[in-house]
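Working notes, beginning with the structure itself.
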Amino acid sequence: MSVRKEEASPRQDAVLGNEVLSELLKVRQRLINSFKEELRHQGVTLARARALLALSREGELTQTSVAAYLEIEGPSAVRLIDELEKSGLVLRQQDVNDRRIKKLLLTDKGRDMSQRLLDKWQEICDKTVFNIEIDDQRSLLTNMKAMLVNLRR
């Protein structure tokens with residue numbers, strides 16, 4: 001027996017869409033707050049953590065790439081990188097082919113910190129999706145990717 005899907009009015013669709021996005025924003029904020037709390041215990045800001053995790057994922061990045069990834073201006077990125085370097089978490093190296101380019105690499109201390117941050121992030125993710133079936137998680141991911149495509153139009 002098939003169940004006929006109810007036709008929703010445009011107004012009902014809009015209300016549901018607003019509720020979906022409102023809940024999505026709440027989840028985002030709670031994720032950020034949970035991660036920031038963990039970062040505070042590690043003595044790391046969110047911007048520093050994002051830079052470290054980007055370097056961990058990519059292996060090496062230029063200062064310009066870090067700024068683009070964090071969506072910050074060049075001078076702000078330089079200050080952030082200065083702090084990371086002063087803390088012994090990153091190392092600046094001159095590019096062998098272009099002396100104007102500075103490559104950033106994680107130090108051993110930076111790799112250790114990045115791994116601790118990744119472990120904490122994974123704990124938060126596991127807690128967030130606990131009791132949500134894997135097929136529902138896949139569906140949610142598909143729908144969120146569709147939302148991003150819609151926003152790029």
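Between the side chain of Q137 and the main chain of I132, a donor-acceptor pair closer than 3.5 Å is present. Distance alone, capped at 3.5 Å, is enough to place a donor-acceptor pair between the T128 side chain and the I124 backbone. In this structure, the side chain of K86 does not engage the main chain of I81 through any donor-acceptor pair within 3.5 Å.
Ion pairing between K103 and D98 fails under the 4.0 Å rule for side-chain N and carboxylate O. R138 has a carboxylate O that lies under 4.0 Å from a charged side-chain N of D135, or vice versa, which qualifies the two as a salt bridge.
Residues D82 and R92 form a side-chain contact, since some pair of their non-hydrogen atoms from C-beta on lies under 4.5 Å apart. Taking 4.5 Å as the limit, some side-chain heavy atom of I32 sits within range of a side-chain heavy atom of K36. For the pair L46 and F35, the minimum side-chain heavy-atom distance is below 4.5 Å. Annotation: side chain of V149 is not in contact with side chain of K145 (no heavy-atom distance under 4.5 Å). For the pair D126 and E123, the minimum side-chain heavy-atom distance is 4.5 Å or more. With a 4.5 Å cut-off on side-chain heavy atoms, L39 and T45 do not count as touching. Side-chain contact between R48 and S87 is present, with heavy atoms from C-beta onward closer than 4.5 Å.
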Open item on the list: Does L52 form a side-chain contact (heavy atoms from CB on, under 4.5 Å) with V90? I'd like the steps, not just the answer.
Closed with: CA-CA 8 Å; L52 290 171; V90 300; 4.2 Å; yes
Task: Candidate pair M144 and L24, rule side-chain contact (heavy atoms from CB on, under 4.5 Å), full reasoning - done: CA-CA 10 Å; M144 288 190 304; L24 187 59; 3.8 Å; yes
Open item on the list: What verdict does the side-chain contact (heavy atoms from CB on, under 4.5 Å) test give for L117 and Q42, after you've listed the backbone C-alpha separation in whole Å, the side-chain angles of each residue and the deciding distance to 0.1 Å?
Closed with: CA-CA 8 Å; L117 297 175; Q42 300 286 334; 4.2 Å; yes
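For the residue pair R100 / Q94, no side-chain donor-acceptor distance below 3.5 Å is found, with atom types taken as modelled. In summary, the side chains of T62 and S65 do present a donor paired with an acceptor at a separation below 3.5 Å, with no hydrogens or angles considered. Checking E37 against N33 by side-chain atom types alone, no donor-acceptor pair falls below 3.5 Å. Side-chain contact check for R111 and S114: no donor-acceptor pair (N or O, by modelled atom type) lies under 3.5 Å.
The cluster map of Ile, Leu, Val, Met, Phe, Trp and Tyr, joined by side-chain heavy atoms under 4.5 Å apart, puts V44 and Y69 in the same cluster. No continuous path of ILVMFWY side-chain contacts below 4.5 Å connects L53 to L91, so the two sit in separate hydrophobic clusters.
The number of heavy atoms from other shown groups lying within 6.0 Å of CD (Q122) is above 12. At most 12 heavy atoms of other shown residues, nucleotides or ligands fall within 6.0 angstrom of atom CZ in R30.
Among all heavy-atom pairs drawn from K109 and G88, the shortest one is CB-O, 3.6 Å.
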